[in-house]
Number of protein chains: 2
Amino acid sequence: MDYLPTTKQIEYFLSVAEHMSFSKAAEECHVTQSTLSAGIAALETLLGHNLFERAGRTVRLTSLGETAIPEARKMLEHGRNITAMARSKNQPLTGTLKMGIIPTIAPYLLPQLLPNLQKQFPNLSLQLQEEQSGALVELCTKGAVDMILLAFPYEMPNLRQVEMLSEKFFLACPQDRWHKKTASIDDLEGQELLLLEEGHCLREHALAACSFRPKAKKDAFNATSLATLIQFVQHGYGITLLPEMAVNWGNIPKGINIVPFKSPAPQRQVGFAWRKSHPREKEFMLLTKAIKDLLKKAG
Amino acid sequence: MDYLPTTKQIEYFLSVAEHMSFSKAAEECHVTQSTLSAGIAALETLLGHNLFERAGRTVRLTSLGETAIPEARKMLEHGRNITAMARSKNQPLTGTLKMGIIPTIAPYLLPQLLPNLQKQFPNLSLQLQEEQSGALVELCTKGAVDMILLAFPYEMPNLRQVEMLSEKFFLACPQDRWHKKTASIDDLEGQELLLLEEGHCLREHALAACSFRPKAKKDAFNATSLATLIQFVQHGYGITLLPEMAVNWGNIPKGINIVPFKSPAPQRQVGFAWRKSHPREKEFMLLTKAIKDLLKKAG
DNA sequence: TACACTGCATCGAAAAAATCGATATATATA
DNA sequence: TATATATATCGATTTTTTCGATGCAGTGTA
């Protein structure tokens, strides 16, 4: 059991030490002189020694009081640091924010967003992490990241999901393989549909878009990234579905045709998710809104 | 107005942060869980932000909580430093002690005392200052020194006087001037009585010892120190009164006779004085006693 | 799916403390 | 000696802290 001085006692102590007067100190501390006297007395009792020598009209520091001053100052200073740190959090979207993003979004969305976000929230430091949806959901649930950016639908119990945008899929195929202006899901049947490797949600979402089981998955060609997948298509190994952001903001090489689907085009929802209990939820909503607006401008 | 966290709140906070559990922390802090919860809640309200994220069964630090930990630790550490400093004062006669001593005592008593005191109170650091009684009384009264060692009687309002020893005066005269075994005050009449310069209490005490006004003070020879005074005597300029410690522990050169007075010999009292309000008064009594004992042994 | 369990939040009552105003006490000052 | 100034102390009151009991929300289990 280890008794410590009260913050208030230390404040009283320093005030008396500064003014060398109990009454002046009481005034400064906005308490009556009796209260302050009692506070100092309590501290002195706790310490077992006097901090001040009261000699009639004059107050004098004892040697203990003398040596205690620097420690007392530091004690209050660290206390003030804590409140200051808290105050600085009052401006939303400042400080660090750990964000996880899936690989089929990160390379396309980030170049559009980061410069603008940087401008809009100069005191926000985004710590980014690229993982597949499954890993992200786990990281977020256990608190390793604050919020995750991924595609819905995805199973994530206990996380709050907020949709940010809905994007159509496009058909990507070798230039010489397709000449119509639009495509329909049915056109895909019998085609060699290339997919990302197991674990990417885009694989599931693409499959879900097809009412059929694709003819041959050609597992040998399962790509680890969209960029690779596009390479496969370019070299004639098959066709694939690309999300809109990959089409608009990714590098589509020569020799590939991007064909829109007839309405209703297949699509995926993109949005954020975070723990329902996260104390910064309001900031997350704010950030989501800000990004939504940015994307609207970016077209 | 600048509100600071309470010491207790910080203790609670650190305990929860350590155990990542309110209940465990409550146990460690010897309070109920509800008390601890309320304490944390109050701190969070004060800061305007949560320190912990409560997610069902698990508790997680917020970013504010994370960054607040080091500050919180330091805050408590400085508080503990103060109590530790106070505790270390519990051993009496440790630390610094500022002592003033008059010039007619210092050179004779200190060599006898310092080595022994050093041995007896190894953690006591004596800061010595040699001044005349008047200066010492002022220094002590205004708090520049803790205690003073001087000769009584001396006017010192508001200071507590504690006599330590009583010492006889001896007659010091040129060897060829005196051949009796003892002296009496009356023998001094008509002699050239040499005295210390104005301001030394020994001057007054010596004069007081004489029931008469000495024949010629020969102000030209007023000495600034006893050692000088003895030189004067040695060279035949007159006689003087020496306190016992100067006789026993000083250097009495050849050619000087030291003659005791017939009973009742004139004498002076030597002792300490300090402010009545001084918080270390008990230590001073202790030190006085210790020195008394040392002198008894030194004989 | 229902049910008990675990852990934090909340509530009202009781205990502890902090604070105040008034007054006592001590010390300088006139 | 009277007066002014400064701290200590006292009793009453308000405020805060603490507790025990209970509520509530996730978590694990039958």
Side-chain angles (χ1 to χ4, degrees), chain A residues 1 3-13 15-17 19-46 50-62 65 141-143 156-160 275-279, chain B residues 3-13 15-17 19-46 50-62 65 138 141-143 156-160 275-279:
Chain A
M1 204 92 71
Y3 291 102
L4 287 175
T6 292
T7 307
K8 222 174 279 181
Q9 289 172 348
I10 298 296
E11 285 181 299
Y12 291 171
F13 164 56
S15 186
V16 174
H19 295 98
M20 280 320 217
S21 153
F22 281 55
S23 340
K24 296 267 174 56
E27 203 174 328
E28 186 186 66
C29 297
H30 306 294
V31 294
T32 61
Q33 170 262 318
S34 86
T35 295
L36 188 128
S37 266
I40 296 289
L43 178 54
E44 289 176 325
T45 302
L46 172 78
N50 281 3
L51 292 160
F52 300 99
E53 176 189 339
R54 290 82 151 168
R57 178 162 314 201
T58 60
V59 168
R60 205 175 284 121
L61 278 161
T62 64
T141 302
K142 77 171 197 229
M156 41 187 134
N158 306 321
L159 294 188
R160 168 155 298 128
R275 297 186 297 284
K276 287 170 186 162
S277 58
H278 201 300
Chain B
Y3 292 102
L4 286 176
T6 292
T7 307
K8 224 175 276 179
Q9 290 171 347
I10 297 296
E11 286 182 299
Y12 292 171
F13 164 55
S15 186
V16 173
H19 295 99
M20 281 317 213
S21 153
F22 281 55
S23 339
K24 296 267 175 53
E27 203 174 327
E28 186 186 66
C29 297
H30 307 294
V31 294
T32 62
Q33 171 262 318
S34 84
T35 295
L36 187 127
S37 266
I40 296 289
L43 178 53
E44 289 176 325
T45 302
L46 173 78
N50 282 1
L51 293 162
F52 300 100
E53 176 188 340
R54 289 83 151 168
R57 181 160 309 200
T58 59
V59 168
R60 204 175 285 119
L61 278 161
T62 63
E138 196 192 325
T141 302
K142 77 169 196 232
M156 40 187 135
N158 307 321
L159 294 188
R160 168 155 297 127
R275 296 185 299 283
K276 287 171 187 161
S277 59
H278 202 298

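Keep in mind it's a predicted model, so treat the numbers as computed, not measured.
Annotation: Glu28(A), atom CD; neighbour count of heavy atoms from other residues, nucleotides and ligands within 6.0 Å is above 12. In Glu53(A), the CD atom is crowded: over 12 heavy atoms of neighbouring residues, nucleotides or ligands sit closer than 6.0 Å.
Residues Thr58(B) and Thr6(B) each lie close to DNA chain D; by heavy-atom proximity, the contact nearer the 5' end of the strand is made by Thr6(B). Summary of the strand contacts: Lys24(B) and Asn158(B) both lie near DNA chain C, and taking for each the nucleotide with the nearest heavy atom, the more 5' one is attributed to Lys24(B).
Ser15(A) contributes no side-chain N or O that, together with a main-chain N or O of Glu11(A), makes up a donor-acceptor pair within less than 3.5 Å. Under the 3.5 Å distance criterion, the side-chain polar atoms of Arg60(B) are matched with a main-chain donor or acceptor of Lys142(A). Without hydrogens or angle criteria, Thr6(A) side chain to Gln9(A) main chain gives no donor-acceptor distance under 3.5 Å.
Between Val16(B) and Phe52(B), the shortest heavy-atom distance links the atoms CG1-CZ, 3.3 Å.
Nucleic acid contact for Tyr12(A): sugar-phosphate only, since backbone atoms but no base atoms lie under 4.0 Å from a heavy atom of the residue. When heavy atoms are screened at a 4.0 angstrom cut-off, Ser21(A) is found touching the sugar-phosphate backbone but no base atom.
Checked against ring-ring contact (aromatic ring centres under 6.0 Å, His included), Tyr12(B) has no partners two or more places apart in sequence or in another chain.
Under the Watson-Crick or G-U wobble criterion, with both distances below 3.5 Å, dA30(C) is paired with dT1(D).
As a whole-Å value, the separation of Lys8(A) NZ from dT19(C) C1' is 9 Å. Look at CD on Glu53(B): it is 18 Å from P on dG7(C), rounded to the nearest Å.
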- Message: Is there a side chain to side chain donor-acceptor pair (under 3.5 Å) between Glu27(A) and Ser23(A)? Walk through the geometry before answering.
- Response: CA-CA 6 Å; Glu27(A) 203 174 328; Ser23(A) 340; over 6 Å; no
- Letter by letter from the 5' end, nucleotides 9-17 of chain C scores (B base, S sugar-phosphate only, - none; protein heavy atoms under 4.0 Å) BB-------
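First and last contacting nucleotides of DNA chain D toward chain B (any atom under 4.0 angstrom from a heavy atom, 5' to 3' order): dT17(D) to dT27(D).
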